[in-house]
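Indexing begins at 1, ligand by ligand and atom by atom, following the structure's order.
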Amino acid sequence: MEKSSVLGVRLSLKQRYLLLLGFAAAVIIASQLTRSHPPRAKMKRVEGLRANSSQFTLEKNPFRILGGSIHYFRVPRAYWEDRLLKMKACGINTLTTYVPWNLHEPERGVFDFEDELDLEAYIRLAGSLGLWVILRPGPYICAEWDLGGLPSWLLRDPNIKLRTTYAGFTEAVNSFFDKVIKKVTPYQYSQGGPIIAVQVENEYGSYAKDEKYMPFIQEALLSRGITELLLTSDNKDGLKLGGVKGALETINFQKLDINEIKYLDEIQPHKPKMVMEYWSGWFDLWGGLHHVFPAEDMTAVVTEILKLDMSINLYMFHGGTNFGFMSGAFAVGIPAPKPMVTSYDYDAPLSEAGDYTTKYHLLRNLFSSYHNEPLPKPPSSQQRRAYQFAVVQQHLSLWDSLHSTEKPFRSQRPVNMENLPVNNNNGQSYGYTLYETAIASGGTLNSKNNIRDRALVFVDKHLVGVLDYKVQELVLPDGKGSRTLSLLVENCGRVNYGTTLDEQRKGLVGDVELNSHILRDFVIHSLDMKAGFVNRLQGSSQWVSMQKQPSFPAFFRAKLYVNSSPKDTFIKLPGWTKGVVFVNGRNLGRYWSIGPQQTLYVPGPWLHRGDNQVTVFEEQEADGKLYFSSNPDYGMAVDVE
Ligand code: GLA
C-alpha cells in the first residue's frame with residue numbers, strides 16, 4: 001500500500017484522508033470562532049448584548065456597536081444583498097432598521113410580509129452576511145415616512161390619540177405586534193439569530209403625551225417574547241421623558257456637543273453610551289434646497305464619538321428611496337406642513353442608487369482601525385445607463401381614467417380620504433381624491449382652509465386655479481346653467497414628526513364655500529393609484545394618440561426600450577410640472593418641477609429587456625419625451641444647518 005509521511009510519520013491513504021477531514025473541520029470551527037458575525041447554526045449561546053457597565057458586552061466580551069441604518073422598504077429587494085455587503089465592507093458590524101407598520105398592514109387585519117416587505121428574509125440575510133441587527137419596530141418610526149409609519153386607517157376614528165394608551169390605538173398596536181413580533185422572535189440572539197437589541201418606540205420624549213405609553217410598548221414587546229436588550233432613542237431634549245425603566249437610553253444628533261454626552265452620562269451613569277442616530281446627512285423638502293453634510297465634518301464627529309468610547313449608528317448608512325406616496329411632511333415651526341421629496345439619498349455614505357461616496361471611503365478607513373482583521377473588499381460598483389429618451393405615445397385624461405377607479409361615493413358633505421368607504425372600508429390612504437359638485441354661479445370659492453394639502457380646481461373640466469394652505473380663495477368665472485366644480489385634492493404626505501399626528505386627515509376635511517354658501521352634494525372619486533388601478537388603466541380604450549392635444553391632468557404613456565440586461569437609471573422630466581411616475585406598474589414616486597430633486601431613481605431590477613411601460617400622471621403640463629440619465633440631480637445644494 002502506498003504510504004506518505006507527515007512530520008516524519010508514515011501514513012496510509014485512509015489515515016491521510018482522515019487527517020484531511022480533521023483539518024477541514026478544524027478550519028471551519030476556527031473560522032466560526034473568529035467570525036464577528038452570528039453563525040447560522042444554532043450554536044450554543046450564553047449571553048447576548050448587555051449594558052451592565054460603561055461598555056457593552058456580547059458573550060461577556062467588550063463590544064462596540066458600529067451600526068448603520070438601511071431600511072429594507074426603501075431599497076429594491078434585488079439590491080438588499082449588495083447594500084449589506086457594502087455595509088459590511090465598510091466596517092459596520094450592526095444593521096439597524098425600522099419596520100413600517102403602514103406598509104405591513106395596509107388594511108386593518110390584512111398583513112403583507114412578502115417580496116420587498118419580507119422582514120424575516122432581510123434579517124436572515126443580514127445574519128448570513130455577518131451583521132448583527134438592532135430592530136426598531138416602532139410602532140411609530142418617524143423616518144420621514146408618511147405619518148411616521150402609522151397606518152392612515154387609524155385616523156378613521158375621530159377621537160384617535162396616536163402614540164398613547166387610548167384603547168383604539170393600543171388594540172391596533174397589539175394586533176400588529178401579534179404578527180410582527182412573532183415573526184422576529186426566532187431571529188433573536190438567544191435563539192441563534194442576529195438580533196442583539198430591540199428599540200422601544202422612537203423618540204417618545206419629544207412627544208410624551210401619555211406616561212403610560214412607553215411601559216405599554218415595552219410590555220407589548222416583552223410579553224411577545226422579546227428577550228434581547230431594549231433601547232430607547234431620543235434627541236437631547238427628549239432624553240428626559242423618552243426613557244422607560246429597563247431600557248438603555250441612547251442619544252441622536254449630528255454635531256457633537258460634549259454637554260449632550262455629559263448629560264446622557266448624568267441621567268444614566270455607568271452605562272454604555274451610544275449615538276443611535278448619528279445623522280450622516282439630512283432629508284429634503286419640495287421647494288427647498290438639497291441638504292449636504294460635508295464628508296470631512298461628518299468623519300471628524302464620528303472620530304470624536306469613537307474616541308469617547310461610544311457606540312454609534314449611522315442614520316442613514318444608505319437612505320434609498322421613498323417609493324410611491326411614502327414620503328412624509330415636515331411641520332415643526334412653520335405654519336403649513338412642507339412635503340418631503342421622493343429621494344431619501346440623505347447624503348449618506350452610500351448614495352440613493354448604492355454608489356460609494358467620499359463618506360464611505362473615509363468611514364471605511366476610520367472603521368478599519370477598529371477591526372482586528374482586514375475589512376472585506378467592497379463589492380464592485382453597479383453599472384448604470386442613460387437610456388435613449390422615450391417618446392410619449394398616448395394620453396388619457398383624468399376624467400377618462402375614472403372608469404378604472406372604485407365606484408364613486410355620493411355624500412351630502414365632503415368626506416375626508418381616510419373615511420371614504422373604499423379599500424374594504426379602510427378608507428383611502430394615499431394619492432388624490434376628486435370631489436365634484438354642481439354649481440349654479442361663479443363667485444368666490446373659499447376653502448376655509450379645509451384642503452389637505454393642495455387642490456387643482458376645475459369648472460367644467462377647465463382649470464381655474466390651485467388652492468392650498470396659503471391660497472384659500474379663488475374666483476370662479478360666471479357661466480350659464482349648472483356646471484361641475486371639481487377639486488382634485490392631493491395628499492402630499494402626512495406629517496411624520498411633531499405634535500400634530502392626530503390631525504393628519506387628508507382630502508377635504510371640512511366644508512368649502514361658494515359666495516359664503518356651504519357646498520353640498522358631492523360625488524367623490526378615490527384615486528389612490530395603486531398597482532391594480534395603473535394596470536387596469538393600460539387596458540382602457542380611451543387612450544388617445546399624442547397627435548391630439550392632451551387636456552390636463554392626464555396620464556401619459558411611453559415605452560422605454562432596453563436592449564440588454566437592465567441597469568439602473570434616473571428619469572428626468574424637463575418641461576413637465578408635477579405628478580407621479582410608474583414603471584411597469586410600480587410607483588417610483590412624485591416629481592415636481594419646483595425641485596430641488598429633478599430626477600427619479602429607476603432601479604434596474606424593476607426593468608426588463610424589451611419594452612417597459614412608463615406611465616406618467618401629470619397635473620398641468622407635459623413634454624412629449626422622457627429622458628434618462630446615468631446620474632441623479634438632487635438640485636442646488638446647501639450645507640445642513
Ligand atoms: C429623528 C427620527 C428619525 C429621523 C431623523 C431625521 O431622529 O428618529 O426617524 O426622522 O430624526 O432624519
Side-chain angles (χ1 to χ4, degrees), residues 67-74 95-103 134-150 162-163 198-208 214 217 231-239 241-243 247 249-257 260 264 274-285 288 290-293 298 301 305 312-322 326-333 337-349 352 359 493-501 504 634 640-641:
S69 292
I70 304 182
H71 300 148
Y72 54 104
F73 46 96
R74 282 178 155 133
L95 165 72
T96 61
T97 184
Y98 282 133
V99 176
W101 180 8
N102 63 337
L103 291 186
I134 297 181
L135 198 69
R136 313 173 83 197
Y140 162 84
I141 61 170
C142 194
E144 289 69 76
W145 200 249
D146 189 280
L147 202 60
L150 301 176
L162 301 170
R163 303 179 75 195
V198 176
Q199 185 179 303
V200 188
E201 238 267 357
N202 193 76
E203 292 194 330
Y204 195 67
S206 310
Y207 198 71
M214 285 299 277
I217 297 293
L231 308 160
T232 57
S233 145
D234 279 281
N235 59 33
K236 158 143 195 293
D237 296 336
L239 277 175
L241 297 170
E249 289 197 71
T250 64
I251 190 167
N252 302 337
F253 60 77
Q254 184 161 63
K255 308 243 161 98
L256 184 67
D257 176 349
E260 296 194 0
L264 177 63
M274 173 168 186
V275 191
M276 176 51 101
E277 289 183 22
Y278 177 65
W279 300 316
S280 62
W282 203 242
F283 55 85
D284 299 339
L285 307 174
H290 171 51
H291 292 102
V292 293
F293 181 37
M298 187 207 75
V301 182
I305 292 171
I312 188 170
N313 172 56
L314 289 145
Y315 185 99
M316 298 296 294
F317 182 76
H318 166 49
T321 310
N322 300 317
M326 286 303 113
S327 34
F330 185 77
V332 182
K338 284 206 180 231
M340 283 156 186
V341 303
T342 301
S343 170
Y344 202 57
D345 177 83
Y346 211 83
D347 196 28
E352 177 178 25
K359 283 181 183 167
R494 295 188 182 83
V495 161
N496 61 282
Y497 178 80
T499 51
T500 59
L501 294 181
Q504 295 307 310
Y634 297 124
V640 171
E641 254 330 304

- Task: Could you tell me whether Arg163 and Glu201 have a side-chain N and a carboxylate O separated by less than 4.0 Å?
- Result: yes
- ligand 1 contact by Trp145, heavy-atom criterion under 4.0 angstrom: no
- Item | Ser327 side-chain N/O to Thr342 backbone N/O, donor-acceptor pair under 3.5 Å | no
- Message: Counting only nitrogen or oxygen atoms and a 3.5 angstrom limit, does Asn202 reach ligand 1?
- Response: yes
- Interfacing atoms of ligand 1 (cut-off 4.0 Å, heavy-atom, Ile141): 9 (O)
- Item | Backbone N/O of Leu256 and side chain of Glu260: donor-acceptor pair under 3.5 Å | no
- Task: Could you tell me which atoms of ligand 1, counted from 1 in the order shown, lie closer than 4.0 angstrom to a heavy atom of Glu203?
- Result: 1 (C), 2 (C), 7 (O), 8 (O)
- Query: Which of the atoms in ligand 1, numbered in the order shown and given with their element, are less than 4.0 Å from a heavy-atom of Tyr346?
  - Reply: 6 (C), 12 (O)
- Whether Tyr278 side chain and Gln254 backbone form a donor-acceptor pair below 3.5 Å: yes
- Message: Taking ring-ring contact (aromatic ring centres under 6.0 Å, His included) as the definition, give me every residue that meets it alongside His71, ordered by chain and number, with sequence neighbours left out.
- Response: Phe73, Tyr98, Tyr315
- Task: Report yes or no: does Asn313 contribute a side-chain atom to a donor-acceptor pair with the main-chain N or O of Met276 at less than 3.5 Å?
- Result: yes
- Nearest to atom 7 (O) of ligand 1 by heavy atom, His71, Glu277, Glu144: which? Glu277
- Query: Are Asn235 and ligand 1 in contact, using a heavy-atom cut-off of under 4.0 Å?
  - Reply: no
- Is it true that Asp257 and Lys236 make a salt bridge, defined as a side-chain N closer than 4.0 Å to a carboxylate O? no
- Give a yes/no on ligand 1: does Tyr497 have at least one heavy atom closer than 4.0 angstrom to it? no
- Here the atoms of ligand 1 under 4.0 Å from any heavy atom belonging to Tyr98 are 2 (C), 3 (C), 8 (O), 9 (O)
- Answer yes or no: does an N/O atom from Cys142 fall short of 3.5 Å to an N/O atom of ligand 1? no
- Which atoms of ligand 1 have any heavy atom of Asn252 under 4.0 Å away? 7 (O)
- Message: Is there a polar contact between ligand 1 and Phe283, counting only N or O atoms under 3.5 Å apart?
- Response: no
- Message: Rounded at 0.5 Å granularity, tell me how far CG in Asp234 sits from CD1 in Ile251.
- Response: 9.0 Å
- Output yes when a side-chain donor or acceptor of Tyr346 lies under 3.5 Å from a complementary backbone atom of Glu352, and no otherwise. no
- Consider every N or O of Arg136 and every N or O of ligand 1, then say whether any pair is closer than 3.5 Å. no
